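Just so it is clear, the values below take in all heavy atoms, side chains as well, and ignore hydrogens, waters and symmetry mates. Remember, predicted model here, so these are calculated numbers, not experimental data. Lettering follows sequence order; numbering is per chain, from 1.
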There are 2 protein chains.
Amino acid sequence: MFTQSEENYLKAIFHLQEEEEGGISTSSLSEKLNTKAASVTEMIKRLADKELVDYQKYYGVKLTDTGRNHALLIIRKHRLWEYFLVERLNFNWDEVHDVAEQLEHIKSPKLVEELDAFLGRPEYDPHGDPIPDAKGNLPEYPKKKLSQLKTGDYGICKGFNDNSSAFLQFVAKQKIGLDTTIKVINIESFDQSMTVLADKKEVLLSKTATDNIYIEN
Amino acid sequence: MFTQSEENYLKAIFHLQEEEEGGISTSSLSEKLNTKAASVTEMIKRLADKELVDYQKYYGVKLTDTGRNHALLIIRKHRLWEYFLVERLNFNWDEVHDVAEQLEHIKSPKLVEELDAFLGRPEYDPHGDPIPDAKGNLPEYPKKKLSQLKTGDYGICKGFNDNSSAFLQFVAKQKIGLDTTIKVINIESFDQSMTVLADKKEVLLSKTATDNIYIEN
DNA sequence: ATAAAGTATTAGGTTTGCCTAAATATTAAT
DNA sequence: ATTAATATTTAGGCAAACCTAATACTTTAT
């Protein structure tokens with residue numbers, strides 16, 4: 001149906017649409033996918049030909065309904081596999097991403113459904129990200145970032161935006177994981193870096209870090 | 001490390017080496033892989049450059065030790081996934097092949113080892129084919145074909161050479177499966193087709209069919 | 001309003017892996 | 001031992017996905 005590369009673009013566009021307003025720019029896709037802008041333009045045209053995205057030259061792309069549904073299927077597969085790797089195969093949560101990135105492209109509707117059933121239809125993956133169901137519906141999920149809190153606020157960690165093993169190992173080192181309670185001690189006004197209390201330890205987090213930690217409060 | 005296509009060639013060469021003597025010809029690879037002979041020649045050159053095969057123009061290819069080891073790893077992954085699909089995800093044995101063909105290319109040494117452990121280190125896949133261990137050793141396995149039996153002989157089905165769902169569904173229809181006892185009733189001399197008794201039913205099998213059924217006796 | 005700076009697109013090139021058609025080598029048959 | 005038949009390789013093309021360099025469009029700043 002679609003190539004792996006096309007699927008990677010759909011997924012990247014989907015994730016960027018959750019962050020950015022309006023059309024997704026060539027440059028943000030280029031950055032996200034580690035691909036040169038010229039290559040992105042080329043691929044975007046192919047996706048537009050296949051009616052997976054709406055594309056306005058110089059004004060970025062948006063997923064069509066078909067494109068969005070397919071992106072959700074890839075995300076569903078990715079997160080189910082991550083759950084499988086951690087819960088059944090003893091992977092650590094910070095070493096599953098790259099393998100899941102490969103497994104998400106396996107084409108077999110039966111496999112997805114049976115895997116989901118085998119795992120007990122989990123709602124969240126090991127990073128706290130919600131797993132879309134077979135119809136593409138996402139369980140409700142608090143989309144608030146740690147960086148949005150004020151000094152003195154409390155939050156409970158519910159997931160991460162950056163699931164790279166580098167980032168996940170970093171937060172683990174700071175004793176921040178799923179369901180960790182975090183208190184904001186101080187925010188530096190000049191760079192928005194935050195001193196927080198997590199697991200009785202005070203740590204300093206850059207704005208980049210706090211932007212990538214989802215919380216509920 | 002290697003591309004999916006390269007891995008498919010290695011696997012095909014490995015399987016053909018179990019059947020044919022000497023170098024594997026361009027045409028048998030071409031047939032096995034559903035690829036034109038010219039494309040095969042091209043790929044073979046690439047594999048020879050990478051020292052995965054020894055190649056003599058016009059006289060076919062043989063796997064090098066590196067090539068053989070890699071082929072065995074792919075086969076190991078293929079069969080472990082087939083086992084997983086049938087034993088854990090309720091797949092039928094005749095619908096796993098295509099999915100396993102995709103899964104065998106997933107690159108993650110940890111995944112293979114953990115999956116093997118999770119499954120209890122099985123020795124045979126659902127078609128009766130032996131699963132190589134982490135070092136590439138195969139459990140002992142009777143490599144005799146049903147077509148080698150004489151009239152009146154008995155054999156016990158231990159596996160199949162053709163694992164396509166078409167063939168597996170065909171043998172299932174004839175009530176032949178793993179461990180089925182088969183008695184040779186008659187062999188037509190002009191086309192080697194065989195009348196056999198399996199599960200108290202007499203059925204006629206072409207030479208093509210009996211060549212693809214492995215037995216022990 | 002226009003020039004400079006920043007983005008995006010086009011043009012032209014590469015590699016992988018496939019194809020067809022033409023040329024060449026091997027094998028089989030007289 | 002030639003010739004005919006068969007198998008293999010070479011030559012030249014194509015599509016996917018990437019790249020760099022050059023060009024074109026947008027936005028920002030004066």
Side-chain angles (χ1 to χ4, degrees), chain A residues 1-13 16-17 19-63 67 70-71 74 101-102 104-107, chain B residues 1-13 16-17 19-63 67 70-71 74 101-102 104-107:
Chain A
M1 196 72 182
F2 306 115
T3 67
Q4 295 204 184
S5 203
E6 285 168 344
E7 291 186 338
N8 286 337
Y9 275 82
L10 292 178
K11 198 171 54 135
I13 297 166
L16 289 170
Q17 278 189 354
E19 304 257 299
E20 289 174 32
E21 287 300 300
I24 300 308
S25 67
T26 302
S27 53
S28 43
L29 268 171
S30 147
E31 196 192 347
K32 185 126 192 162
L33 294 162
N34 273 304
T35 300
K36 291 284 136 51
S39 312
V40 172
T41 302
E42 192 179 60
M43 175 60 97
I44 275 171
K45 283 189 198 157
R46 272 201 289 273
L47 295 175
D49 285 347
K50 298 189 175 183
E51 302 195 37
L52 294 166
V53 298
D54 290 324
Y55 173 45
Q56 290 260 95
K57 253 192 197 180
Y58 293 100
Y59 293 90
V61 277
K62 279 181 180 173
L63 292 173
H70 199 73
I74 308 302
E101 209 85 303
Q102 298 178 62
E104 73 192 5
H105 300 295
I106 303 293
K107 281 155 190 58
Chain B
M1 198 73 181
F2 305 117
T3 67
Q4 294 202 187
S5 203
E6 285 168 344
E7 292 186 337
N8 287 337
Y9 275 83
L10 292 178
K11 199 172 52 135
I13 297 166
L16 290 170
Q17 277 189 353
E19 304 259 300
E20 290 174 31
E21 287 300 300
I24 301 308
S25 67
T26 302
S27 53
S28 45
L29 268 171
S30 148
E31 196 192 348
K32 185 127 193 162
L33 295 162
N34 273 304
T35 300
K36 291 283 134 56
S39 312
V40 172
T41 302
E42 192 180 58
M43 175 60 97
I44 275 173
K45 282 188 197 158
R46 271 202 289 274
L47 295 176
D49 286 346
K50 297 189 175 184
E51 302 193 38
L52 294 165
V53 298
D54 290 324
Y55 172 46
Q56 289 261 93
K57 254 192 195 182
Y58 294 100
Y59 293 91
V61 278
K62 278 182 181 173
L63 292 173
H70 199 73
I74 308 303
E101 292 275 76
Q102 299 178 61
E104 72 192 6
H105 300 295
I106 302 293
K107 281 153 190 62

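- To the nearest angstrom, P of C:dG17 lies 14 Å from CD1 of B:Ile44.
- Taking only side-chain nitrogens and oxygens, A:Thr3 comes nearer than 4.0 Å to OP1 or OP2 of D:dA17.
- Taking atom CG on A:Asn8 and atom C1' on D:dA17, their separation rounds to 12 Å, with Å as the unit.
- Counting to the nearest Å, the C1' atom of C:dA21 and the CD atom of B:Glu42 are 15 Å from each other.
- For the pair A:Gln4 CD and C:dT16 C1', the interatomic distance rounds to 14 Å; values are reported in whole Å.
- D:dA7 atom C1' lies 15 Å from atom CD1 of B:Ile24, rounded to whole Å.
- Among the atoms of the strands shown, base atoms are found under 4.0 Å from some heavy atom of B:Ser39.
- For C:dT16, neither phosphate oxygen OP1 nor OP2 lies less than 4.0 angstrom from any side-chain nitrogen or oxygen of B:Ser5.
- Proximity of A:Gln56 to A:Val61: side-chain heavy atoms (C-beta onward) are nowhere separated by under 4.5 Å.
- One finds no salt bridge joining B:Lys36 and B:Glu42 here, because no Lys/Arg side-chain nitrogen approaches an Asp/Glu carboxylate oxygen to under 4.0 Å.
- With respect to the salt-bridge test (charged N to carboxylate O, under 4.0 angstrom), the residues A:Glu7 and A:Lys107 qualify.
- When the side-chain nitrogen and oxygen atoms of A:Lys45 are compared with OP1 and OP2 of C:dT10, one or more of them lie within a distance under 4.0 Å.
- Rounded to whole Å, atom C1' of C:dT15 lies 12 Å from atom CD of B:Glu6.
- In this entry the distance linking CG of A:Leu47 with P of D:dA16 reads 12 Å, nearest Å.
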Would you list the protein and nucleotides 6-8 of chain C atom pairs, both N or O, that sit under 3.5 Å from each other?
| residue | atom | partner | partner atom | Å |
| --- | --- | --- | --- | --- |
| C:dA8 | OP2 | A:Ser27 | N | 3.0 |
| C:dA8 | OP2 | A:Ser27 | OG | 2.9 |

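- Computed from coordinates, the A:Lys36 NZ to D:dC19 P distance equals 5 Å when rounded to whole Å.
- In this structure, A:Glu6 contributes its side chain and A:Thr3 its backbone to a donor-acceptor pair below 3.5 Å.
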Report the C-alpha separation of B:Lys11 and B:Glu101 in whole Å, then their side-chain angles, then the decisive distance to 0.1 Å, and conclude whether the salt bridge (charged side-chain N to carboxylate O under 4.0 Å, His left out) test is met. CA-CA 11 Å; B:Lys11 199 172 52 135; B:Glu101 292 275 76; 2.6 Å; yes

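- Shown are B:Asp49, B:Ile44, B:Leu47; of these, the side-chain contact (heavy atoms from CB on, under 4.5 Å) with B:Tyr55 is made only by B:Ile44.
- Residue A:Ala38 has its side chain nearest to D:dT20 when only D:dC18, D:dT10, D:dT20 are considered.
- At least one side-chain heavy atom of A:Leu10 sits less than 4.5 Å from a side-chain heavy atom of A:Leu63.
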